[in-house]
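Below, all heavy atoms of this structure are taken into account, side chains as well, without hydrogens, waters or symmetry copies.
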Amino acid sequence: MQPQSPNPQQPARPPAHAQPPAGSTAGPHSDVLYEGIARHSASLGGYIRWTFVLIAGTTIGILLQQIEFFASWPLWLIGLLALPGMLLVFLRHTTTRYKITLRRVEYEKGIITKNVESLELWRVLDVRYTQSLVDRMTGNGRITLIATDQSDPELLLYGLPEHRKLFEQLRDAVQAARQTSRPMELVGQEGFAENMGGGAWDG
């Protein structure tokens, strides 16, 4: 008997791949949870503040023009002084980027000069999630990482997309990172001499 040939009417199925995490720009097998900037509604307070300055400055300029001494002066242009402030808020927001993986949180900020900082998840003691009334109205949430660093113990992640899901992913990633890195941490603190290749010194 000759072996049966495969049915030509049934096309081969492509291999299934896991979907990439929400918000990430990496491939399907990456450990990136999120990479990008926060939502612009996270900077809503800054935009509102400078909008108020714009309205107040324009109003004051128009009122001053009612005085004969200032009648020929274009004082309504005072309100335009708020435009650089709005631009500054926009640039600060768009130049602050986050990269959150299963091992660390990296964030960079700076309009002209860049400052990049990193927090290893095994150093995180607690992950907290809060949402105020304004946050609920704007669809934002606050994720706070409490770390062992005494100089800067808290890292706030505010306004990131799918913040509740990201909080749960970070909470699980912190537990996993602390379990896998704790032996290395103990060796680094208590067994430093052995790692360096030396034993205990005899008196």
Side-chain angles (χ1 to χ4, degrees), residues 20-26 30 32-101 104-121 124 127-147 149-170:
S24 69
T25 58
S30 172
V32 177
L33 301 179
Y34 178 75
E35 183 175 6
I37 65 175
R39 302 173 60 186
H40 279 279
S41 56
S43 301
L44 185 61
Y47 291 123
I48 292 177
R49 180 171 61 251
W50 286 108
T51 300
F52 176 79
V53 173
L54 174 63
I55 296 174
T58 303
T59 303
I60 292 175
I62 293 175
L63 293 177
L64 288 176
Q65 281 188 305
Q66 304 304 316
I67 303 175
E68 183 178 358
F69 180 77
F70 299 108
S72 60
W73 295 16
L75 296 181
W76 59 271
L77 293 175
I78 295 177
L80 298 182
L81 296 177
L83 296 182
M86 290 184 177
L87 179 61
L88 183 62
V89 172
F90 175 80
L91 291 177
R92 284 178 176 175
H93 182 94
T94 55
T95 55
T96 301
R97 301 185 60 87
Y98 301 88
K99 183 178 181 181
I100 304 174
T101 71
R104 67 182 60 88
V105 175
E106 297 178 357
Y107 63 100
E108 66 176 42
K109 56 184 178 180
I111 299 176
I112 299 178
T113 60
K114 292 294 182 181
N115 181 23
V116 181
E117 298 187 21
S118 177
L119 173 62
E120 299 292 333
L121 291 187
V124 176
V127 185
R128 300 175 183 175
Y129 176 86
T130 57
Q131 194 177 35
S132 65
L133 177 60
V134 177
D135 294 337
R136 292 173 65 91
M137 295 173 60
T138 56
N140 291 318
R142 300 172 184 266
I143 302 174
T144 305
L145 303 179
I146 311 298
D149 189 356
Q150 297 181 356
S151 60
D152 192 12
E154 294 187 3
L155 172 61
L156 175 63
L157 306 175
Y158 179 59
L160 299 184
E162 299 188 14
H163 40 81
R164 184 57 184 267
K165 179 179 180 181
L166 181 61
F167 159 71
E168 297 174 354
Q169 291 175 325
L170 273 174

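The closest side-chain heavy-atom distance from Leu44 to Asn140 is not below 4.5 Å. At a threshold of 4.5 Å between non-hydrogen side-chain atoms, the residues Glu35 and Thr101 do not count as touching. Using a 4.5 Å heavy-atom cutoff, the side chains of Arg49 and Phe52 are not in contact. Put simply, the side chain of Ile143 does not reach to within 4.5 Å of the side chain of Leu160, judged on heavy atoms. In this structure, His163 and Tyr129 have side chains that are in contact, with non-hydrogen atoms separated by less than 4.5 Å. Between Leu81 and Val53 the shortest side-chain heavy-atom distance does not fall below 4.5 Å. At least one side-chain heavy atom of Val124 sits less than 4.5 Å from a side-chain heavy atom of Leu121. Side-chain atoms of Thr96 and Tyr107, non-hydrogen and from C-beta on, never get closer than 4.5 Å to each other.
The aromatic ring centres of His40 and Phe90 sit less than 6.0 Å apart.
Sequence neighbours left out, the pairs with a member in residues 129-139 that pass salt bridge (charged side-chain N to carboxylate O under 4.0 Å, His left out) are Asp135-Arg142.
Expressed to the nearest 0.5 Å, how far OG1 of Thr144 lies from CD1 of Ile146 amounts to 6.0 Å. Leu145 CG to Leu156 CG: the interatomic distance, rounded to the nearest 0.5 Å, is 9.0 Å. Between atom NZ of residue Lys165 and atom CG of residue Leu33 there is a gap of 9.5 Å, rounded to the nearest 0.5 Å. Distance check: Thr95 OG1 to Asn115 CG gives 11.5 Å after rounding to the nearest 0.5 Å. Here the straight-line distance linking atom CG of Leu166 with atom CD1 of Ile100 works out to 4.5 Å at 0.5 Å rounding. Distance check, rounded to the nearest 0.5 Å: CD1 of Ile37 to CD of Glu108 gives 11.5 Å.
The nearest pair of heavy atoms linking Ala38 to Tyr158 is CB-O, 3.4 Å. Across every non-hydrogen atom of Trp50 and Ala82, the tightest pair is O-CB, 3.3 Å. Taking each heavy atom of Gly159 and Ala42 in turn, the nearest pair found is CA-CB, 3.9 Å. Residues Ile78 and Gly57 share a closest heavy-atom pair of CB-O, 3.8 Å. Between Thr59 and Ile55, the shortest heavy-atom distance links the atoms OG1-O, 2.8 Å.
At distances below 3.5 Å, at least one donor-acceptor pair connects side-chain atoms of Arg39 with backbone N or O atoms of Gly139. Side-chain atoms of His93 never come within 3.5 Å of backbone atoms of Ser41 as a donor-acceptor pair (strictly under, hydrogens ignored).
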